[in-house]
Participant: 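I'd like to ask you about the structure that follows.
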Amino acid sequence: MTVTALLKINMVVFKFKTQFLHHLEMLVSRGYRYWFSGKIFTNEAHKVIALQTKFATQCSTDATENQRYRRRKKGLANSQLRAWYDEKNKQLLWILLATDGIHVYAEQLQDSQKKKNRITVTGYELKQMPRKNSDPRWTWMMTADTYDYWHTEIQQAIRKHHDDRLKQIWYSLRRVGGFHGVREQVFKLQTYALSEWRRSRKGDYPYEKIYVGWVGSFKHAEIFTLEELVLNMNKNK
């Protein structure tokens with residue numbers, strides 16, 4: 001499903017986290033900088049349709065492109081509702097995003113451009129990175145806690161000769177989303193691992209270097225229909 005088609009759907013529920021994160025990045029870069037979020041667990045599947053209905057009624061998440069244009073003219077905020085079904089942890093993570101303007105949930109909305117209010121999803125945060133001779137770019141990065149966790153895990157695995165654990169770490173880092181900020185962090189972790197191995201274990205690092213592919217502008221996002229989502233959540237109670 002194309003990005004244009006996704007923007008016309010009231011509630012988009014992604015099957016994969018990387019596509020969910022990429023779409024949030026795109027929306028924030030288009031002006032949907034304010035947000036708040038919540039979770040619905042698998043034993044609460046009946047709340048999904050109620051959630052969509054509530055935000056469509058209160059925030060016009062189902063507005064057409066022309067209706068959004070008229071709302072902007074009136075000084076009203078526009079909203080988009082996005083979600084990801086985390087099947088592993090049996091929960092639906094939803095995020096309501098909004099533009100500048102008058103909003104019924106103004107008190108709950110956080111400004112993603114402020115450091116303390118960045119959008120955070122499972123150890124990753126959306127932030128702006130400066131670029132030479134250009135405007136800052138939005139990208140996902142590991143939070144400081146997540147990065148420090150991997151740094152410590154690499155250090156301990158090498159120093160304590162836990163090679164099986166190091167293989168697991170390498171496998172996990174190969175599978176991270178290939179956002180610009182994350183790619184830079186994985187490169188730094190790899191550089192540290194090679195340096196620590198030479199210092200602590202001597203010789204060349206024995207494992208193949210990590211390559212994390214770029215996350216491009218996806219054209220065919222895999223999403224759930226609401227019926228599919230509710231059936232899946234009920235199945236995984």
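Heavy atoms only: backbone and side chains are in, while hydrogens, waters and symmetry mates are out.
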Participant: Before we go on, tell me: are the rings of Trp84 and Phe16 under 6.0 Å apart, centre to centre?
Facilitator: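 So the answer is no for these two rings.
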Participant: Got a second to check how far Leu173's CG is from Met142's CE, nearest 0.5 Å?
Facilitator: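 Nearest 0.5 Å value for the CG-CE distance: 5.5 Å.
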Participant: State whether a side-chain donor-acceptor pair under 3.5 Å links Lys54 with Gln58.
Facilitator: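 Absent: no donor and acceptor within the cut-off.
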Participant: Among side-chain atoms of Lys127 and Thr139, is any donor-acceptor pair under 3.5 angstrom?
Facilitator: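 Short answer, no.
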Participant: Mark yes or no for whether Ser112, through its side chain, and Arg33, through its backbone, hold a donor-acceptor pair below 3.5 Å.
Facilitator: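 Here the side-chain-to-backbone pair exists.
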Participant: Between Lys17 and Asp86 (salt bridge meaning N to carboxylate O under 4.0 Å), is one present in this structure?
Facilitator: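 No, this pair does not count.
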Participant: To the nearest 0.5 Å, what is the distance between CD1 (Ile210) and CZ (Phe187)?
Facilitator: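 Output value for this atom pair is 11.0 Å.
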Participant: Return yes if a side-chain donor-acceptor contact under 3.5 Å exists between Tyr192 and Gln155, otherwise no.
Facilitator: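 Yes, a side-chain donor-acceptor pair sits under 3.5 Å.
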Participant: Suppose the criterion is salt bridge (Lys or Arg N to Asp or Glu O under 4.0 Å): which pairs have a residue in residues 138-158, not counting sequence neighbours?
Facilitator: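 Counting only pairs at least two positions apart or across chains, the salt bridge (Lys or Arg N to Asp or Glu O under 4.0 Å) contacts touching residues 138-158 are Glu153-Arg165.
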Participant: Can you name the residues that form a salt bridge (Lys or Arg N to Asp or Glu O under 4.0 Å) with Asp163, not counting sequence neighbours?
Facilitator: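 Listed in chain order: Arg201.
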Participant: Would you check, one step at a time, whether the test side-chain hydrogen bond (donor to acceptor under 3.5 Å, both in side chains) holds for Asp100 with Tyr34?
Facilitator: CA-CA 8 Å; Asp100 284 314; Tyr34 302 98; 2.7 Å; yes
Participant: How long is the span from the CD1 atom in Ile119 to the CD atom in Gln113, to the nearest 0.5 Å?
Facilitator: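 Here the interatomic distance stands at 10.5 Å.
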Participant: Could you tell me the separation between the CG atom of Leu229 and the CD atom of Glu87, rounded to the nearest 0.5 Å?
Facilitator: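 Spacing of CG (Leu229) from CD (Glu87) equals 10.0 Å.
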Participant: Is the ring pair Tyr85/Phe224 parallel, tilted or perpendicular, if the boundaries are 30 and 60 degrees?
Facilitator: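 Ring orientation, 0 to 90° scale: perpendicular.
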Participant: Show me the donor-acceptor pairs within less than 3.5 Å that the side chains of residues 36-49 make with the rest of the protein, sequence neighbours left out.
Facilitator:
| residue | atom | partner | partner atom | Å |
| --- | --- | --- | --- | --- |
| Glu44 | OE1 | Phe41 | N | 3.1 |
| Glu44 | OE2 | Lys47 | NZ | 3.1 |

Participant: Take Asn78 and Arg72, measure what side chain to side chain contact (heavy atoms under 4.5 Å, CB included) needs, and give me the verdict at the end.
Facilitator: CA-CA 7 Å; Asn78 282 314; Arg72 288 196 300 270; 3.4 Å; yes
Participant: Show the nearest heavy-atom pair for residues Ile158 and Ala193, with the distance to one decimal.
Facilitator: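 Minimum heavy-atom separation between Ile158 and Ala193: CD1-O, 3.5 Å.
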Participant: Should we say atom OH of Tyr211 is surrounded by more than 12 heavy atoms from elsewhere, each under 6.0 Å from it?
Facilitator: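 Check passes, neighbour count above 12.
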Participant: So, the side chain of Trp140 versus the backbone of Leu21: is there a donor-acceptor pair under 3.5 Å, distance only?
Facilitator: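 Yes: the side chain of Trp140 pairs with the backbone of Leu21.
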Participant: Would you compute the distance between atom OH of Tyr124 and atom CE of Met141 and round it to the nearest 0.5 angstrom?
Facilitator: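 Tyr124 OH to Met141 CE: 11.5 Å, rounded to 0.5 Å.
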Participant: Should the pair Trp197 and Tyr205 be assigned to parallel (<30°), tilted (30 to 60°) or perpendicular (>60°) ring geometry?
Facilitator: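 Perpendicular, since the angle between the ring planes exceeds 60°.
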Participant: Is there a donor-acceptor contact under 3.5 Å from the side chain of Thr143 to the main chain of Glu125?
Facilitator: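 Not at all, since once roles are kept as given, no pair shorter than 3.5 Å links the two residues.
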Participant: Between Arg199 (side chain) and Leu194 (backbone), is there a donor-acceptor pair under 3.5 Å?
Facilitator: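 Side chain of Arg199 to backbone of Leu194: no pair is present.
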Participant: Identify whether Leu76 and Val104 are in the same connected component of the hydrophobic contact network (ILVMFWY, side-chain heavy atoms under 4.5 Å).
Facilitator: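 No: no chain of side-chain contacts under 4.5 Å links Leu76 to Val104.
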Participant: Less than 4.0 angstrom from a charged side-chain N to a carboxylate O is my criterion; do Glu196 and Arg159 meet it?
Facilitator: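 Yes, this pair counts.
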Participant: Keeping Thr57 on the side-chain end and Thr53 on the backbone end, is there a donor-acceptor pair under 3.5 Å?
Facilitator: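 Yes: the side chain of Thr57 pairs with the backbone of Thr53.
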Participant: Distance alone, cut at 3.5 Å: any donor-acceptor contact between the side chains of His180 and Glu184?
Facilitator: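 Indeed, the side chains of His180 and Glu184 share at least one donor-acceptor pair under 3.5 Å.
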